[in-house]
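Letters go in sequence order (proteins before strands), and every chain restarts at 1.
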Amino acid sequence: MQISLIEAILLGVMSVLAGSTPAALGTTVGNYTLNRPLIGGLFVGLILGDVPGAIQIAIPMQVLYIALVTPGGTVAADLRAVSYIGIPLAYVAVKGAGLDFGSEQAGGLAVSIAALVGTVGTVMFYGTAMMNLFWQHWGWAELEKNNFKVLPIVDAVLPLITHFVISFIPTVLMTYYGQSVVTDIQQALPMDGLIMKTMFTVGNILPAVGIAILLKSVVDKASDLIPYAFGFVISKSLGLTLVAASLVAAIFALFHYRMEMAKLSSGSGHSKYDEEDI
Amino acid sequence: MQISLIEAILLGVMSVLAGSTPAALGTTVGNYTLNRPLIGGLFVGLILGDVPGAIQIAIPMQVLYIALVTPGGTVAADLRAVSYIGIPLAYVAVKGAGLDFGSEQAGGLAVSIAALVGTVGTVMFYGTAMMNLFWQHWGWAELEKNNFKVLPIVDAVLPLITHFVISFIPTVLMTYYGQSVVTDIQQALPMDGLIMKTMFTVGNILPAVGIAILLKSVVDKASDLIPYAFGFVISKSLGLTLVAASLVAAIFALFHYRMEMAKLSSGSGHSKYDEEDI
Amino acid sequence: MQISLIEAILLGVMSVLAGSTPAALGTTVGNYTLNRPLIGGLFVGLILGDVPGAIQIAIPMQVLYIALVTPGGTVAADLRAVSYIGIPLAYVAVKGAGLDFGSEQAGGLAVSIAALVGTVGTVMFYGTAMMNLFWQHWGWAELEKNNFKVLPIVDAVLPLITHFVISFIPTVLMTYYGQSVVTDIQQALPMDGLIMKTMFTVGNILPAVGIAILLKSVVDKASDLIPYAFGFVISKSLGLTLVAASLVAAIFALFHYRMEMAKLSSGSGHSKYDEEDI
Amino acid sequence: MSSRVEKKVSKKALNASFWRWWYGNLTCFTHEHMQTFGYMWSLFQVIDDLYETTEEKGEKLRAYWPFFNTEPQIGCIVVGITAGLEEARANGDPNVDDEMINGIRAGLMGPLAGIGDSLIVGTYIPVLLAVALGLSEGGSVIGALFYIVVWNATSIYFQYTIFMRGYELGGTAVDIIVGDQATALRGAVVLLGQIIVGAINGAWVNITTPLEFKNAQGEVFLNLQGQLNGIMPGLLSIGFVLLCWWLMAKKNMKPLTVMLLMILIAFVGVLIGFFDPQLHY
Amino acid sequence: MSSRVEKKVSKKALNASFWRWWYGNLTCFTHEHMQTFGYMWSLFQVIDDLYETTEEKGEKLRAYWPFFNTEPQIGCIVVGITAGLEEARANGDPNVDDEMINGIRAGLMGPLAGIGDSLIVGTYIPVLLAVALGLSEGGSVIGALFYIVVWNATSIYFQYTIFMRGYELGGTAVDIIVGDQATALRGAVVLLGQIIVGAINGAWVNITTPLEFKNAQGEVFLNLQGQLNGIMPGLLSIGFVLLCWWLMAKKNMKPLTVMLLMILIAFVGVLIGFFDPQLHY
Amino acid sequence: MSSRVEKKVSKKALNASFWRWWYGNLTCFTHEHMQTFGYMWSLFQVIDDLYETTEEKGEKLRAYWPFFNTEPQIGCIVVGITAGLEEARANGDPNVDDEMINGIRAGLMGPLAGIGDSLIVGTYIPVLLAVALGLSEGGSVIGALFYIVVWNATSIYFQYTIFMRGYELGGTAVDIIVGDQATALRGAVVLLGQIIVGAINGAWVNITTPLEFKNAQGEVFLNLQGQLNGIMPGLLSIGFVLLCWWLMAKKNMKPLTVMLLMILIAFVGVLIGFFDPQLHY
Ligand SMILES: OC[C@H]1O[C@H](O)[C@@H](O)[C@@H](O)[C@@H]1O
Ligand SMILES: OC[C@H]1O[C@H](O)[C@@H](O)[C@@H](O)[C@@H]1O
Ligand SMILES: OC[C@H]1O[C@H](O)[C@@H](O)[C@@H](O)[C@@H]1O
């Protein structure tokens, strides 16, 4: 059995709608609904005309990636490739081998194909995030001129170009030409090559720029860097989660508040500040 | 050899006097003297009429549990069962097998019986703590009416009923009828049964009620919960011991103190607060 | 081949100049230049008349100890013994065995001799530090009398006596009489003997005296011990590095500063303190 | 504060207070209030001595209603200190109020439990026992007698001494520190207590769930506790305390009701598999 | 502050703001600004409604230019709160300024990301999927449909609700807390933001070097990252942020320039072996 | 403060101070005072230049009597800063006193030791040596020469530069920050120093006991250090410092006596098995 061009195109569209993190259909529907392999199984089944078969293929993949979290834009595996490249390819392979969709062999095959294409999704994710930089920087330039019309264009329209290049075309190619194309692409863009290494390194370093911009917005004078450095230490050296770190931060905020209130109250007679309403 | 009913009753009395944590003879004498297997050996020996033999049986058990600490009422093993059920049963077993009390086999037997009855003691401990809830809650009701006479009754008299039910009767039965009764009881009250599971779960959750009551007594306004949450984080996320945590707390208390003093001193001319006397 | 007395004396002089931590030629030149095995190889080569051979012997030793740090005067291995006892002895051994200096066997021999003499250097280090106590305490007595002339004498001249006793003589002996003397000395001064145990224990405890003196200089009143204890907790219980600990300390210093400024500003009208210049 | 008619706890009441605590600190232990009743029985001797009317006595005793737990032997000092504070309060010191007493109690109970459990129970007793074991080798009674005598003599002496020291300390502390300074100190003590209640929460409440999801092969693919730790370690342990606090402080629920609710929650939790102590004999 | 002519965001603008955020929070994600454009698109509905002139609108929007990132679903509440704050600011509240808004955004984005990622993405979704997997066994479509319906219904309802709650909170908070108290609170919020930006830095930036020196036998004898950790864990991660901050704040470099510089550094670093993500397919 | 007759350290004295430190920072190292004598020898050049009478000189030098230790190369900056502070103090700045100088010294010595040990000794030197090892392969002298020249040239240049920078900084810092601000800063510096002395205590004092109790089979059933850690990690390490502090500060014992006492304690401790460094050749 072969995937037809039409089918491949439909799969490409789904992968665009369902990207991990920047999905064309947004977070709730795109990322956390269509992106999940179980749901992917349903849609692949509709496209290939065999819903029960595709869902059976999808189940072991879904189990594999069930508790996937992507904190701060670090994506261990982008499931769009698992759902809309992995499931179709596995479906074809299982059918080709004449296996039962619910059999253990089919499950094994599904999982190994999921692993094969898993990182392909990650490459798509980082590629998308990088290409979006262009739209954003054009956006900043326009915003400088108070041209607010660009907001929806930058945020919703232009990323579609990114998706077309980074997500749609590869998905169509890989599902249409089959598993061998996946490995071809992986050989053309090796992970230990300059391009991939640089792209992932940039992905690691760029948040530093964003956080520095944020830092600038809350830092007024050099001594404001002290609380910031303190926050860094409790997070990195002490390994506090963000919630625990914010509770530690809160006691300092409380002291600051009481100190400021004390400054005001002293001399004015009332020695007890009022925190009831906070 | 068999344990007579009189002997069994005396052992039952000892187990009441010597409970871990709530011992009828109090902490210093009950828990930290009579409860220890070495001392248990002495008393079991007096009851069974063979002090050296019982002490020899007690020695390996004492080594096993030498550094037992029960922080915050979490009792890994309540030694009353080891001392006043385990030692007699082991003594009988060793004697029955014709072993030398100081021999390695006797020691091995003693240790394995100690393991068998160890958790029985824990069940007794949690059972005692639960049953005491009744007396306490009657006590609260009376205290509401300023009936202070209940204090000794609640604290010292009524718990004897608890001990009779939870500690005395089982100890008498187990020492009188022998090792088989221990396993009978364990089968009747399985650890994976609803009753035991609930009892231990309640034991885990109830301190939350007590600490909440305490929290209420030091919290005035919502913002007071911040220092509390901070204390929780340094204890649970950072793993500080209570002593280390209190040193961290101290620096905040110091700042609070200095801040309050600063509030008072400002304007009044003297810029240096006085901490000499603290 | 044998090391001549002149050669042994020259090696002894080098070991004095190159001690780890208290080197007669100071930190930059003595400790961090001459002390390093690679450089030691050069000088041993010059003394024994075979620079390439000695350097080849030195290379594996240098690799072994390349990232040696000695924080707070805790010296895991004092390289003076590796460089100026270990390299010559290894050189002689390799030559005696007729091995090629660059061969793997030569390297193995070098490394095992480095290990043999490594702790000898540590003993020298602790011995030096202990003997210097005499000069310093004479120095304190003189400084009490405002006799400032003693400063260079205590700091630079008298330690040469220490070096002569602790470093020069053993190095001469060990290089002149060969490897057997090393083990003789190690047998005469066993590590599990009272002398060595006490010396190293004193080395562990003495910093407590120094730090207590320092503590005295920054502590005015009992409550000043609170910040100190806090510093101890974040270092020891939380494992913060000194840099991370100082960032945590900084946020408290910042609060102290703001509090003091607030005390001053309150009432006087300007409510915003100025930290620009800090 | 100088020309007042000094009230003083009688030596007899103090001694009674000590012995009540010494004996009764854990006799009515529960997981809910732990050593509270022992504390109240002891402290009531002092209150009874200082106040006249039943109403007053009842009111003062209320400061000791909340949860109390510490290593009870070293904890003698806390009871002593509060005895001294009660005296100061009876003499009209305005800085000693329920909140401050609870701040001190909470601030001391935690660290003293840590010290007492580790040093007395975890070190001193085992060392004595280790020596006694040596003496009892071969079944001799000497070791056991040695332990009984040495342990009880030293321990009781120690407890009595620190109890009385604590009493003096409690009284003089509030005498020396007067006026503004005392107010500032009061705030500091309460803050300390607040933080340490949190630390006690962390150390003594350990509520976790073993709930897991497994696939057909029985391999776990989702572990609830692990996910909760991602938010913050100990989320359930602080969550339950905050829930109880909220029910009592904001919903005016009685402690008894809250306790029954918790027992219900435990039961239901066990039923649905959310709780499971996972013990075996 | 009482007799002012109250400006109010229209319900329509609020709804538009919600749906823009709901849809667009991550559609133009980059690693540099992450969710900033989604945020601006959403918040602009509110600003547009409150201000007249283009200049004013542009000026107010600037508060939202900096980096923003959180778990976007629970993050709805942040957007709602700032909508409420914008309204207060439009009504002349002097305590709401760019720094405070950024303090609040920074102070909330971190912890909410932690909660959202762990609780919604890491717990709720997996539990729903686990149930759905059971229902879909054997290839049934039921499980998938169950997940689609339950997840989307509950999630969207939750998001809408907390967005609106946040809006009310933001508005009333600054109304209740007035004058000096508000100034004090403002400072506390900014401080909180500063600390949490540091914590975010620690959690989300992870720059390390794999550089090692090996001897002839190929054994590593020097590991650069290990040595750097000796100074302080995460030195490169905070160092890069501070470098970028310094270039922008002190050298007046444009973000774009800084970003290009960082890409250059990444490239050169990869070339010389200082950087290497060490991934494989 | 403006119309005073400015005292200035001569360039010659400054240079002498630098070279004394550069050479003598560790030449008379002991575990008790570590680098104190090197520091005093160096700083005395400055004091000698600024003051007239022997009494004055002796009095000023006292600020440098306490323990000092840091990575001595990066530590040049501390010596330079205090040289500048001495100048300011000689010009009558009331904010520079012994306590402040010790606060600064203590506050800087710790972190700089961390940075210097890790970055210079742990990273820069090893990297230079790694390169040199490559150049010396096969026994060539090139590598060794390369290291000698590059290391010494860069290191000495660096040390000289930061020493002089430190001097300028120390002088101007107290000039810029005047009056109340300086008093506030002074307090902050002392507090910083107090905390960092604690951290240094944690990092550089490591006193533990190997005492264990074993049963007949030789199995350990009680480990003293483990029990002590239950109270707080490092109890002996802070306990010994506090003991020494108490003997000197409260019992007026001389450092020499304390030191001899410590040697005695070490000896007795080794005898009874409480201490044992557990080393072997
Ligand atoms: O961690 C917060 C947030 O960061 C990024 O925006 C994405 O990875 C989201 O999926 C995640 O929820
Ligand atoms: O931890 C303090 C204290 O808690 C409970 O009261 C009991 O377990 C005691 O044995 C213990 O000392
Ligand atoms: O740790 C700082 C410093 O401590 C001691 O003085 C020596 O061990 C030095 O080598 C080290 O740099």
Would you check, one step at a time, whether the test side chain to side chain contact (heavy atoms under 4.5 Å, CB included) holds for N204(C) with N206(F)? CA-CA 7 Å; N204(C) 281 342; N206(F) 191 21; 6.0 Å; no
Would H31(F) and F125(C) count as a ring-ring contact (aromatic ring centres under 6.0 Å, His included) here? Give the steps. CA-CA 11 Å; H31(F) 280 98; F125(C) 167 71; 5.6 Å; yes
Checking side chain to side chain contact (heavy atoms under 4.5 Å, CB included) for the pair V219(C)/W245(F): CA distance, chi angles, key distance, verdict? CA-CA 10 Å; V219(C) 159; W245(F) 172 82; 3.8 Å; yes
Under the side chain to side chain contact (heavy atoms under 4.5 Å, CB included) rule, what do M130(C) and T30(F) come out as? Steps first, then yes or no, please. CA-CA 6 Å; M130(C) 292 222 66; T30(F) 68; over 6 Å; no
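Ring pair W140(C)/W65(F) is tilted by interplanar angle, where 30° to 60° counts as tilted. Between F148(C) and F44(F), the ring planes are tilted. Angles from 30° to 60° get that label.
Looking at Q73(F), only its side chain comes within 4.5 Å of chain C, counting heavy atoms on both sides. With a threshold of 4.5 angstrom between heavy atoms, R62(F) approaches chain C through side-chain atoms but not through N, CA, C or O. In this structure, the portion of M109(F) lying under 4.5 Å from any heavy atom of chain C is its side chain and not its backbone. At a 4.5 Å heavy-atom cutoff, the contact between V123(C) and chain F is made by side-chain atoms alone. Heavy-atom distances place both the backbone and the side chain of L189(C) under 4.5 Å from chain F. For L225(C), the part sitting under 4.5 Å from any heavy atom of chain F is the side chain, from C-beta outward, and nothing else. Residue contact with chain C, scored on non-hydrogen atoms closer than 4.5 Å, involves the backbone and the side chain of I115(F) alike. For F101(C), no part lies under 4.5 angstrom from a heavy atom of chain F. Proximity to chain F (any heavy atom under 4.5 Å) is shown, for T241(C), by neither the backbone nor the side chain. Proximity to chain F (any heavy atom under 4.5 Å) is shown, for V248(C), by neither the backbone nor the side chain. In this structure, chain F has a heavy atom under 4.5 Å from the side chain of L42(C), while its backbone stays farther away.
Distance check: T198(C) OG1 to I263(F) CD1 gives 10.0 Å after rounding to the nearest 0.5 Å. The distance from atom NE2 of H256(C) to atom CZ of R186(F), rounded to the nearest 0.5 Å, is 9.0 Å.
Side chains of N25(F) and T27(C): a donor on one and an acceptor on the other come within 3.5 Å.
In this structure the side chain of Q278(F) never reaches within 4.5 angstrom of the side chain of M191(C), judged on heavy atoms.
I200(F) approaches I211(C) most closely through the heavy-atom pair CG2-CD1, 3.8 Å.
Ranking Q159(F), E71(F), M248(F) against chain C, the residue ahead of the rest is M248(F), based on heavy-atom pairs under 4.5 Å.
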